Amino acid sequence: MTIEAGVIVFPGSNCDRDCVRALKGMEGYRVREIWHRETELGGLDLVVLPGGFSYGDYLRPGAIARFSPIVREVTRFAERGGYVLGICNGFQILLEAGLLPGALIRNAGLRFICEPVPLECTNTNTPFTKKVPRNLTLPIAHGQGRYFIDETGRSKLEAEGRIVLRYAGGTNPNGSTNRIAGIVNEKGNVLGMMPHPERACEILIGSSEDGRSFFESLLQAA
Amino acid sequence: MRYVVEVHLKPEVSDPEGAAILQAARALGFDFLSDVRVGKSFEIEVKEGTEEKELEVLSDKLLVNPVVETFRIRRDDD
Amino acid sequence: MRYVVEVHLKPEVSDPEGAAILQAARALGFDFLSDVRVGKSFEIEVKEGTEEKELEVLSDKLLVNPVVETFRIRRDDD
Amino acid sequence: MREAPVLQIPKRDTVPSEGTSKTFLQSLGLSEEEIERIRSLLGREPTETEWGIFSVMWSEHCSYKNTKRLLAALPTSGKDVLQGPGENAGVVAVDEEWAVAFKVESHNHPSFVEPYQGAATGVGGILRDIFTMGARPIALLDSLHFGSTENDVHSIRSRRIAEGVVRAIADYGNCVGIPTVAGETHFDRSYSGNPLVNVMAVGVVKRKDVARAVASEPGRKVLYYGNPTGRDGVHGATMASETFEVEDEDKRINVQVGDPFMEKKILEATLELVQAGLLEAVQDMGAAGLTCSSCEMAGRGNTGIRIHLNRIPLRAEGLTPYEIMLSESQERMLAVVKEENWESARRILEKWDLEAVDIGETTGDGWMRVWGNEEPETEVAAIPVRCLTTEAPVYLPRRAGKKSGAEVRPQPALSSEEGNDISGHLLRFLASENVSSRRPIYRQYDTMVGTRTVWKTVGGDAAVLRLDGTEKGLAVTIDSNARFARHDPFRASEYAVIEAARNIAAVGARPLAVTNCLNYGDPGNPERFEEIAAGVEGLGYACARIGTPVTGGNVSLYNETAGAAILPTTVVGMIGIMDDYRRTTSPALSGDDLWLLGTHSPSLAGSEYEHWSRGETSAALPEIDYDFERSLHAFMVEAVSKNLLRSAHDISAGGIFVAAVEMVLKGKRGLVWEKVPEDDDFALVEYLLGEGGAAMLIATAAEKRGTVEALARRWNLLIERVASIEGDRLVFGKQISFSLENLAAAWEGDLEKRIFLLAGKEEAAS
Ligand SMILES: Nc1ncnc2c1ncn2[C@@H]1O[C@H](COP(=O)(O)OP(=O)(O)O)[C@@H](O)[C@H]1O
Ligand SMILES: [Mg+2]
């Protein structure tokens, strides 16, 4: 079994190469870059929306990228049940595009934060998290990663078990609602997360290898 | 012809930047403040004859994220 | 009592964010726009009897970077 | 490259003269003699545009007229050097296939005028210097010097400057996606009217892809891409060549605004263009904008260039030819392209939403000719290129001579109050602005993007990046030691080089090459020029002694506001190489034994402690033992590559004490330091906080004792086991014992509050 993965490149994406490198380093993955003007996702199993500053994050992170032609395709791809992983800026784009609920706004501490943080995986029953350990460490690197959702939305997410990652160890580095760091859609095939799994696939580089477990999970699910 | 679209966080979304400014202002001795909220203001030059309605659509679709923000539009005739 | 302090880049200072928004809006078909400039808007709740003058001092000292920005103050009675 | 054409300077006035008013001439920043020389070079009265072109090309910033002769003495060659000074950046080979391009650039004046935009555009500029060499930038480093945050009249302004600068470097670097992996941050009163913002960028390039800014063939198209041209920054280069008056209103209008998104697009597009082999030459429009980039490219290739200003994309209306030629609008590129490659180049640019604009062509006649943007099109400048480049004036200003015998005041002693509470005293020192943790700064920088950074080296001595396609690790650091320069600029430059090299060695890499930024005062003042000359000499001397060629750099003079000069500051950026990035080490303490390698002969005179406790220093540090330094490098490279060490850290500002604190806090391990002079408080403080020794701390596992001692002997280095790694406290002798929590609270708490005025609450609403 091989997973065909595509990493979308928007102008201003800057973790695209890192995602490609990480997936190339995983057994069972074939990966290619997809320029945002392309209109076909033919034959892919997984689409990754990488981190970075698409369109400079001007206006709001993800606000301009969401109108890119490829995002319409990604939406259809998700509806067909394809796996979509939005990391950091990719998560922001998924929210702006309405594939996931809520919004990501400026960190409560008002400043960008880059460092590994402790996390808790609160639902290992999704295709992305089957093999993710309960306690893990992944790097974050964002200035606008405070996840906000209103009370109704939050209890719905909670009730449906769609909150899959939370900041742990008594931390909440950006002030997110209920320490939320990652959520899935109703069907469970779209995951948005602020931490960077692709930066944690080699211990020397990312301080842990916990990022691999997300991609290993998908391989098992597929 | 110019419009201004003012965008602010909804009241239920806390505004740490506003809070920080409030605190800094008080520390500097500005004690007349009771609340500060920080938002964006888009100054928009439009073609003659553009209607506010059209700006509303623009705001809804692009300028504003309705999950966390509200907006108001104003003709600006300075 | 509420004031709004609107802060904008001076006209001679370039505004890459505004330019990017303009471009995005046009690509979406909003062709009535001729210019967009992005600024900040501070909604400030003040104690009864506070004068505009005091807000001017606050703006000058804390809210505005006079090297690149200008501001205007407005009573907000919505 | 072509032969330089023989130029016939026409006697007739080819260009309509616009007449030259006295005030206009005065605004150019040229001397009387220079003005006369320009007139006689051209044989006629220059036009306004020509005056503008001369003024920027003959400014210190572009011509290096006051420092050229000094810089000529720097060691610049070496077997690995592929490109020395003179291009956009130096290039050094790391193996048969790959090379590294790197350089440091200052944006001091703009950062004083507008800290945020000044620093942001500084980052943009140095990144362009790297990718115009065809190299993909993989790291940024920053050397920051601000006024003191301690209470004095300027501290509020200094804090604001620091806040804006750090935020800007974060915003710009993070957005473009280049990790900022290391740096230094130093506070001193002398910078309160003149902060230093030096940024270094490092990139990787295949040796075959190294691009150059040399327009060596006539008949090529001149390609403009990136942002349109506005009025911003007209005369920025001249501004960088003058001192500041306190309120220099009209110079403040010219603030340039950084656009990191555009930068990212031109970065990717340029690399694609270079790799496709479509560019014959490329340079960014940085200082002095279109003028400098066009005539430097023509000058290096002994060709000429012709530019039509009516084709330049403009952002504002009514720009004059003078303004277009001198604009420093950011994120603009100039390239030279063969006719037959134009269409392919255009397509690549279009992919990145960039327009390819044909603004002229290269010629074989050695002239720079500019046609104006008015109707009908007329020639507004015609200047032999060499008059702007090779014939720019060169000076050797007068040196005041070395100050006789730097006064040595009595060394500081502890007051009885301090003596009663040495522990409290040490903690206060630990929390001081030049000692406390820099994490609040570098946490805002994306240090990891690119997934090349070895995480444990972030916040350590030098950052290590893996080099794609090899197992090699690239170590990078930036350092300065301005505190010593008050007494001895020569020695201060030496120490900057030595400390950089120790930082490189501390992670197990071999020092390879150096870039530098000379931040000094007004060269017209003989005392200042003495500092400049001595600083450059010290730099050259140290680089020669440790074998690291200088491949590039930047000179920033006139760092004075209202007559007050900064500490003369030589900033040294160094790169090093190691065979296996997986074998690097870091200051995080681990293992069983801590060793002092070398001789520790600490002195409080000149130390950060003296500066902190007395507000001034009494001497520069002692002479450097270069033999020791070279042995140290060799030892470290060997020990790390053989996996003998668990951690390592050099001893610098704050002496043994601060080095030990950093090690225990990073490693979360305790340390018991056995032998400490305890006869009197002074000896104790001197041992702990003194500087100037030639030593490094290394940690090993118990079973490596014999091997490490033997290796040290082989390199003729003294080695002494000074502490055991155990428990959860930092203990020095009988008197001093700290819990790690207390140390952490002192060391980590403070900088945040000092420089970030607007503090959000991190753990808000959960
Ligand atoms: N402005 C800065 N930007 C990025 N990193 C910084 C900055 N200032 C300091 N650092 C980092 O903080 C750590 C400590 O810096 P410093 O005290 O200068 O170290 P040392 O004295 O060992 O050279 C280093 O890892 C350095 O790279
Ligand atoms: Mg240092």
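All values derive from a computational prediction rather than experimental measurement. Just so we're on the same page: letters track the sequence lines, and every chain starts at 1.
The residue from D/Leu267, D/Val205, D/Ile130 that alone fulfils the side chain to side chain contact (heavy atoms under 4.5 Å, CB included) condition with D/Arg136 is D/Leu267. Tested against A/Met193 for a side chain to side chain contact (heavy atoms under 4.5 Å, CB included), the candidates A/Leu119, A/Leu138, A/Val164 yield a single pass: A/Leu138.
In this structure, chain A has a heavy atom under 4.5 Å from the side chain of D/Asp468, while its backbone stays farther away. Of the two parts of D/Thr453, only the backbone, made up of N, CA, C and O, holds a non-hydrogen atom closer than 4.5 Å to a non-hydrogen atom of chain A. There is no contact between A/Asp57 and chain D, counting heavy-atom distances below 4.5 Å.
Applying the side-chain hydrogen bond (donor to acceptor under 3.5 Å, both in side chains) test to A/Glu120 and every residue at least two apart in sequence or in another chain returns A/Arg134. Taking the side-chain contact (heavy atoms from CB on, under 4.5 Å) definition, one finds that A/Cys121 meets it with A/Thr124, A/Thr129, A/Val132, A/Leu136, A/Leu165, sequence neighbours left out.
Geometrically, D/Arg332 does not engage D/Tyr225 in a cation-pi contact defined by less than 6.0 Å to the ring centre and at most 45° from the axis.
The greatest number of non-hydrogen atom pairs below 4.5 Å with chain D, out of A/Arg106, A/Arg17, A/His196, is found for A/Arg17. Per-residue counts of heavy-atom pairs under 4.5 Å with chain A were compared for D/Lys351, D/Glu263, D/Arg452; the largest is that of D/Lys351. The candidate from A/Glu198, A/His142, A/Glu202 with the greatest count of non-hydrogen atom pairs under 4.5 Å with chain D is A/Glu202.
Contacts between residues 62-75 of chain A and chain D, defined by a heavy-atom separation under 4.5 Å, are made by no residue at all. At a heavy-atom cut-off of under 4.5 Å, chain D is reached by A/Arg21, A/Trp35, A/Arg37 from residues 19-38 of chain A, listed in order of number.
A donor-acceptor contact shorter than 3.5 Å links the side chain of A/Ser208 to the backbone of A/Thr137.
Of the N and O atoms on the side chains of D/Asp171 and D/Tyr116, at least one donor lies less than 3.5 Å from an acceptor on the other residue.
Between A/Tyr55 and D/Phe261, the distance from one ring center to the other falls under 6.0 angstrom.
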